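A short worksheet on the structure shown next.
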Amino acid sequence: MLEKGHFKTDSDKVTSWIQSYFDRLSTFPVKSAARPGEIMNKLKRSDMSLPVTLEELLEEFDKHILPGMTHWQHPNFHAYFPANSSIESLLAEFITAAMGAQCMIWETSPAAAEMEEFILNYLKPHLGIPGDWEGVIQDTASTATLAAIITAREVATSFKSNWDGVPGNLRVYASSETHSSIEKAVGIAGIGRSNFLKIGVDESGAMDVEQLRLAIESDKKNGLQPCCVVATVGTTGTVAVDSVRDIGLICQKHGIWLHVDAAFAGTALLLDDYKWMISGIDMADSFVFNPHKWMFTNFDCSVYYVKSSEQLISTFDILPEYLRTASRGQVKDYRDWGIPLGRRFRALKLWFVLRIMGIDNIKKKLEAHIALAEGLAERISRIPGLEITTDPFLNFFSFAVKPDVVGGMENANRMTEMLKDQLNDSSLVFLSHTKLGDRYILRMVVGQTYITKATVERTFDAISDTWHNILSHR
Ligand SMILES: *Cc1c(COP(=O)(O)O)cnc(C)c1O
């Protein structure tokens, strides 16, 4: 067993491991090549009844577990969305874990509650969130969206559903490109997934607002009750942006809750050039973005803003005797602002990131990522046989094999998939794909904390070499 008095000595071993991890990071295969059950079999070989030393465990970890990890902080990780960590954030996590405080109400750690309020207020003007909105940190965007939909449900049913159960006629709307967490939340909220309507999108992947208007009007005619619309700012497939203003006008007219899901793209709101993405936000009721994606704050840290904290609290507060305190009413008891009771001190890592990096340096890093993505897209567009299928936007673009040079779309799709598989198997980079209509496309995200011009060069070379190799073997 480890002793509190020897923390420095023991943690030095772990921090040395982390330093060596960072030093080796860009030499690891980006995506783990582990086969199903492989790591489990290794774990089963150890005698769990026999305690080991920290050194022995770190050695075991390095040998058996590390090969089973995909390296999300690897600069050639270009899949999904970034899940950025930073030294600032990781050091704050040391302290959060050491203190192990439960930040459910103000009294259980006043500084945690006040720092959370302070940081989220600080971020509001930088993001373009209205000054009178209030924020709370949630674990994930999925949880924040669930909180939004449950609050919308309560507002739509005059706060009766929590007591009486949910009527079967509530309706929730989002685009067909929206994140899967929306449909999941509609189900969990008791509204019923059959009452979730996916609205069509235009060619950019943004919601067709006219279709939304017609769906709402038709539902109302049929005795159904529109309850919530979710606008996606930065879709998962192609980072398309729904028009918050146009959707907001419809929601206002019909008295429908508007939730804005900017989980990934929200970080870009820090840059003035991208504030248009949420113009009309004053017509919305809630907004979520994930600092744990592009804002250098390691998972989990999701920022949720609401226009009316009163509606949020009326939905979630429940006051057992053992949590009654004298300060209630004067301070923020964040357990009433969401689903879980227990809460970690997540504001601390945001504070570390914002204080040590500084907001201007964060903005510079975002701008650098955007420029690197644009440069990489430009170079890939000049590789014969490949083309850009989604123009660069933020740190994202997509590309695929050109159908006309390989004899049609079917061949292009097959070869694009082959390109992805060979790239990922090469261990040099990790890319993910999506479908754009019938087209198989490769998503490219250039937003890792440790990305540089040189690492992007490596990514370009890998794509270029792999593609030429495929062509020469046709
Ligand atoms: C990533 C993402 C989510 C899910 O975020 P979690 O924090 O993992 O729940 C939801 N919506 C959008 C648009 C996303 O990009």
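Predicted, not measured: the structure shown is a model, and the values here were computed from it. We count residues from 1, following the sequence as given.
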Item checked: Min side-chain heavy-atom separation Ile380-Phe460 under 4.5 Å -> yes

Notebook entry, point to check: Just by distance, with hydrogens left out, do Thr145 and His259 show a side-chain donor and acceptor under 3.5 Å apart?
Noted result: yes

Checklist line | Test side chain to side chain contact (heavy atoms under 4.5 Å, CB included) applied to Thr143 - qualifying residues, sequence neighbours left out | finding: Gln138, Asp139, Thr140, Ile339

Item checked: For Thr455, all residues meeting side chain to side chain contact (heavy atoms under 4.5 Å, CB included), sequence neighbours excluded -> Pro75, Asn76, Ile451, Thr452, Arg458

Margin query: Please list all pairs meeting salt bridge (Lys or Arg N to Asp or Glu O under 4.0 Å) that have one or both residues in residues 120-135, counting only residues at least two apart or in different chains.
Written below: Glu134-Lys332

Next item on the list: Inspect the surroundings of CG in Asp438 and state if more than 12 heavy atoms from other residues, nucleotides or ligands are less than 6.0 Å away.
Entry: no

Checklist line | Thr459-His78 side chain donor-acceptor pair, cut-off 3.5 Å | finding: yes

Notebook entry, point to check: Is the number of heavy atoms from other residues, nucleotides or ligands within 6.0 Å of CZ (Phe118) greater than 12?
Noted result: no

Next item on the list: Please confirm whether Lys31 makes a cation-pi placement over Phe430, using NZ or CZ under 6.0 Å from the six-membered ring centre and within 45° of the ring normal.
Entry: yes

Item checked: Salt bridge flag under 4.0 Å for residues Arg439 and Glu387 -> yes

Next item on the list: Any ring-ring contact (aromatic ring centres under 6.0 Å, His included) involving residues 144-178? Give me the pairs, sequence neighbours left out, ordered by first then second residue.
Entry: none

Can you give me every donor-acceptor pair (side chain of residues 397-406, partner residue at least two apart or in another chain, under 3.5 Å) with its distance?
from: Ser398; atom 1: OG; to: Thr389; atom 2: OG1; distance (Å): 2.6
from: Ser398; atom 1: OG; to: Thr390; atom 2: N; distance (Å): 3.0
from: Ser398; atom 1: OG; to: Thr390; atom 2: OG1; distance (Å): 2.5

Checklist line | Side-chain donor-acceptor pair present, Trp257, Ser286, cut-off under 3.5 Å | finding: yes

Next item on the list: Count the heavy atoms belonging to other residues, nucleotides or ligands that lie under 6.0 Å from CH2 of Trp133, then report whether that count exceeds 12.
Entry: yes

Check: Charged N to carboxylate O under 4.0 angstrom, Glu417 versus Arg414?
Finding: no

Check: Sub-3.5 Å donor-acceptor pair from the side chain of Asn162 to the main-chain atoms of Thr315, do we have one?
Finding: yes

Next item on the list: Can you sort out the partners of Ala83 under side chain to side chain contact (heavy atoms under 4.5 Å, CB included), two or more places apart, ordered by chain and number?
Entry: Trp72

Notebook entry, point to check: Is there any salt bridge (Lys or Arg N to Asp or Glu O under 4.0 Å) pair reaching into residues 235-259, and which pairs are they, with sequence neighbours excluded?
Noted result: none

Margin query: Per the side-chain hydrogen bond (donor to acceptor under 3.5 Å, both in side chains) rule, what does the pair list look like for residues 263-281, sequence neighbours excluded?
Written below: Asp272-Lys275

Note to self: Are more than 12 heavy atoms, taken from residues, nucleotides or ligands other than Glu367, located less than 6.0 Å from that residue's CD atom?
What the structure shows: yes

Next item on the list: Please collect all salt bridge (Lys or Arg N to Asp or Glu O under 4.0 Å) contacts where either partner lies in residues 167-185, sequence neighbours excluded, each pair once.
Entry: Arg171-Asp219, Glu183-Arg193, Glu183-Lys198

Checklist line | Pair listing, side-chain hydrogen bond (donor to acceptor under 3.5 Å, both in side chains) test, anchored in residues 368-380, at least two apart | finding: Trp294-His369, Glu378-Arg382, Arg379-Glu457

Next item on the list: Mind telling me whether Phe289 and Phe287 have parallel, tilted or perpendicular rings, with 30° and 60° as the class edges?
Entry: tilted

Margin query: Suppose we screen for side chain to side chain contact (heavy atoms under 4.5 Å, CB included). Which residues come up paired with Ile356, at least two apart in sequence or across chains?
Written below: Glu88, Phe352

Next item on the list: Would you please name every residue forming a side chain to side chain donor-acceptor pair (under 3.5 Å) with Lys160, sequence neighbours left out?
Entry: none

Check: Looking only at side chains, do Asp261 and Thr232 share a donor and an acceptor under 3.5 Å apart?
Finding: no

